[in-house]
**Student:** 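The structure's right below; bear with me while I get my questions together.
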Amino acid sequence: DYVLSQHAISTGQTEADSMAARYLARAETTVAEALRLLADLRASGRVTCSLPDRTAFGMTAFNSEFVVQIGLTDEAGTLICGEPMGALAAPARLPVAEKGDPSVMLSVLSDGKDKRQAVVTLRVDDRLRLVARLASRALDIQAGASYFEDSSVTSIYLDDGSEWSKFAGKWTESDQSSPLVSTMSSERYPIKVRVAVDEAAAKKSIASLRAITIILSTLAGLGVFIIVTWSMWRQSDGDSFSRAVDNHEFIPYYQPVFDLMTGEIRGCEVLVRWLRPDGTMVPPGQFLPYAEATGAIRDITRQLMAQTVVDVSDIYDKNPDLKLAINLTAMHFNDLEIMDDIKRIYGNSKIRYEQLCFEVTEQHPLKDLALSRAIIGRIQALGASVALDDVGTGHGGLAYLQKLGVDIIKIDKMFIDHIGTDHSSQTIVDTLVELGHQLGLGIVAEGVERPDQVEHLKSIGVVQAQGYIYSPPIPVKAFREFALKSLERAKSGLGTRTDKPVEVSDSFASLTVSVDDEADAA
Ligand SMILES: Nc1nc2c(ncn2[C@@H]2O[C@H](COP(=O)(O)O[C@H]3[C@@H](O)[C@H](n4cnc5c(=O)[nH]c(N)nc54)O[C@@H]3COP(=O)(O)O)[C@@H](O)[C@H]2O)c(=O)[nH]1
């Protein structure tokens, strides 16, 4: 606050100085212009009160910006003629001319009240002087910042103390006020200017700067806090994070995907969890941004894919219709590295390429759409499919659908949640499904939690779904048991053509949405 106040005072002083300089410059210009006109008249011999000379006076004044009347005074200082006449013809008495008077004189005429007028005189001879009355508007300029107009007092006066002009707003100097004052004197003429500016107004003028400064310093403080916290995290958790990647602490959880019509299991989505050595389970929301920012997500995805081979390849080998969905991030579409990973991990495994589905999310923008499209094409060429995840919630919109050439769309929980309660969300679901059908795409509904959602999805032709109504993401052991049981039921005909949602077996019914419980289940 002290720094800002000092800044305000210094800005106010600078403003007062430049106002004074501008008024002084204008006063000098005005006097110089009047003198030039008078000198021209004297040089051309227009120094009598004859008609032609008076006409010349009138014309000269008429054409001048700053001079309103030109005339002649006698030795007593009385105006003996002046043009134009009219209101300006009021007798003007200048100081009596004295021998040795300077050739040029600047005086201020006053009506004794508040009217003052500056005049410039030029000696013609010992008796006569040419005189030019200056327009009072000559000094009426916008000399300073508009917010100072009401908070400043400007006086332009002559060396002898007579005031030529004064400009004042509502503010007046008083003993209580602490003005910022600037005084300047002309080096050419006996003119002085004094500008006084209200210090309080100067301080007020930086109120917005003060607000901005407060906001910026708060943000800067916040920034420092984030950087310090981030670097501390990097040193502690950050280090433990890279150790965790090296130690393969990132494990796949499996969320079953179901056929709504038959109740059979159709596959699963692989969802990462960080299982720390102390047994705590960290959900992806807490480390994925860091993993993506550092590029560690590439290693993590590789490890997850490799683990799926270990975890479920026997089941997938025997059930070729089962699908396995793997989440990729935008980074995976920056180069062809993911292709090498997929081929190396699944190429010689019992999980066929045709059983794989790679999910690309709309949440993070893809850097290079053409390259992304090419990578998607290569994945499809292997026989795997590609799904657009979180459709309608992120960056891509319909452009991703049109340009990426995906095979499946996954309708986000955000829209599924509002089926039956919010008309517009339901319309979005209906429209996406319709669009998916028109484009010949597979459709998977995510985050299904209620039977009415199942009913509606079935009624609009959605066949596949995942969600807590069936099962949350579960650890491998639980998933294997569940999948084997479900597949067995299907084979024995028990799971076919049921219109009811599939019941989760008792062991899974005890699983809840909380990560801790998921950890327990592990
Ligand atoms: N690049 C990678 N991203 C991944 C990976 N694993 C997960 N993720 C992404 O992290 C986000 C959060 O995932 P998660 O906490 O696992 O949440 C998933 C489900 O648990 C949750 N879900 C599923 N059904 C329901 C439900 O009925 N109710 C409810 N409240 N939540 C439910 O939704 C998440 C599924 O996300 P999605 O991928 O959109 O299918 C999430 O964005 C993951 O994508 C990874 O290995 N790589």
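Just follow the structure's listing: the first ligand is 1, and inside any ligand the first atom is 1. If you read the sequence from its start, that first residue is 1, and numbering goes on from there.
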**Student:** Just checking, any donor-acceptor pair under 3.5 angstrom between side chains of Gln438 and Glu434?
**Tutor:**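 Their side chains do contain a donor-acceptor pair, which is all the 3.5 Å distance test asks for.
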**Student:** Would you check the N or O atoms of Asp390, main chain and side chain alike, for any that come under 3.5 Å of an N or O of ligand 1?
**Tutor:**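 Min N/O separation from ligand 1 is below 3.5 Å for Asp390.
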**Student:** Looking at Arg266, is its backbone amide N or carbonyl O close enough to the side chain of Asp321 to form a donor-acceptor pair, meaning the two atoms are under 3.5 Å apart?
**Tutor:** no
**Student:** Between Gln466 and ligand 1, is there a nitrogen or oxygen pair with a distance under 3.5 Å?
**Tutor:** no
**Student:** With only distance considered, is Thr301 within less than 3.5 Å of ligand 1 through an N or O on each side?
**Tutor:**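 No, since none of the N or O atoms of Thr301 sits under 3.5 Å from an N or O of ligand 1.
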**Student:** Heavy-atom contacts under 4.0 Å between Thr361 and ligand 1: side chain, backbone, both, or neither?
**Tutor:** neither
**Student:** Quick one: does ligand 1 sit under 4.0 Å from the side chain of Leu304, the backbone, both or neither, non-hydrogen atoms only?
**Tutor:**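 The side chain, only.
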**Student:** Has ligand 1 got any nitrogen or oxygen that is less than 3.5 angstrom from a nitrogen or oxygen of Glu292?
**Tutor:** no
**Student:** Show me which atoms of ligand 1 lie under 4.0 Å from any heavy atom of Leu288.
**Tutor:** 3 (N), 4 (C), 8 (N), 9 (C), 10 (O)
**Student:** Which ligand 1 atoms, with their elements, are less than 4.0 angstrom from a heavy-atom of Pro284?
**Tutor:** 7 (C), 10 (O), 12 (C), 13 (O), 14 (P), 15 (O), 16 (O)
**Student:** Is a salt bridge present between Arg450 and Asp452, judged by a nitrogen-to-oxygen distance below 4.0 Å?
**Tutor:**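 A salt bridge is present here (some side-chain N lies under 4.0 Å from a carboxylate O).
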**Student:** Can you list the ligand 1 atoms lying under 4.0 Å from a non-hydrogen atom of Gly467?
**Tutor:** 24 (N), 27 (O)
**Student:** Please check: side-chain N/O of Ser313 versus main-chain N/O of Val310, any donor-acceptor pairing under 3.5 Å?
**Tutor:**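 Here the side-chain-to-backbone pair does not exist.
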**Student:** Should you measure from each heavy atom of Gln255, which atoms of ligand 1 turn up under 4.0 Å away?
**Tutor:** 23 (C), 24 (N)
**Student:** Looking at ligand 1, does any of its N/O atoms fall within less than 3.5 Å of an N/O of Val272?
**Tutor:** yes
**Student:** Going by the order shown, which atoms of ligand 1 are within less than 4.0 Å of some heavy atom of Lys413?
**Tutor:** 26 (C), 28 (N), 29 (C), 30 (N), 31 (N)
**Student:** Against heavy atoms of Pro473, which atoms of ligand 1 measure under 4.0 Å?
**Tutor:** 19 (C), 20 (O)
**Student:** Just going by heavy-atom distances, which of Met414, Arg273, Lys410 is nearest to atom 16 (O) of ligand 1?
**Tutor:** Arg273
**Student:** Between Pro283 and ligand 1, which part of the residue brings a heavy atom under 4.0 Å of the ligand: side chain, backbone, both or neither?
**Tutor:**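 None of Pro283 does.
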**Student:** If you define the side chain from C-beta out and look only at heavy atoms, does anything of Ile300 sit under 4.5 Å from Trp274?
**Tutor:**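 Counting from C-beta outward, Ile300 and Trp274 never come under 4.5 Å.
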**Student:** Would you say Ser486's side chain and Phe482's backbone share a donor-acceptor pair under 3.5 angstrom?
**Tutor:** no
**Student:** For Pro472, is the nearest heavy atom under 4.0 Å from an atom of ligand 1?
**Tutor:** no
**Student:** For Arg373, does the CZ atom have more than 12 heavy-atom neighbours from other residues, nucleotides or ligands under 6.0 Å away?
**Tutor:** yes
**Student:** So, Arg480 side chain and Asp311 main chain: donor-acceptor pair closer than 3.5 Å or not?
**Tutor:**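 Answer holds: yes.
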**Student:** Would you indicate whether the side-chain heavy atoms of Glu449 and Lys413 approach each other to under 4.5 Å?
**Tutor:** yes
**Student:** Give the atoms of ligand 1, by number and element, whose distance to some non-hydrogen atom of Glu269 is under 4.0 Å.
**Tutor:**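 Taking each heavy atom of Glu269 in turn, ligand 1 has 37 (P), 38 (O), 40 (O) under 4.0 Å.
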**Student:** What are the atoms of ligand 1, with element, lying closer than 4.0 Å to any heavy atom of Val448?
**Tutor:**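 Answer, ordered by atom number: 27 (O).
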**Student:** Report yes or no: does Gln426 contribute a side-chain atom to a donor-acceptor pair with the main-chain N or O of Gly420 at less than 3.5 Å?
**Tutor:** yes
**Student:** Kindly say whether the aromatic ring centers of Phe241 and Phe250 come within a distance under 6.0 Å.
**Tutor:**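 When the ring centroids of Phe241 and Phe250 are compared, they turn out to be within the sub-6.0 Å range.
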**Student:** Is it the case that the side chain of Arg302 and the backbone of Ile345 share a donor-acceptor pair, with hydrogens and angles ignored and the cut-off at 3.5 Å?
**Tutor:**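 A pair under 3.5 Å: no.
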**Student:** Using distance alone, decide if ligand 1 has a nitrogen or oxygen within less than 3.5 Å of any nitrogen or oxygen in Thr329.
**Tutor:** no
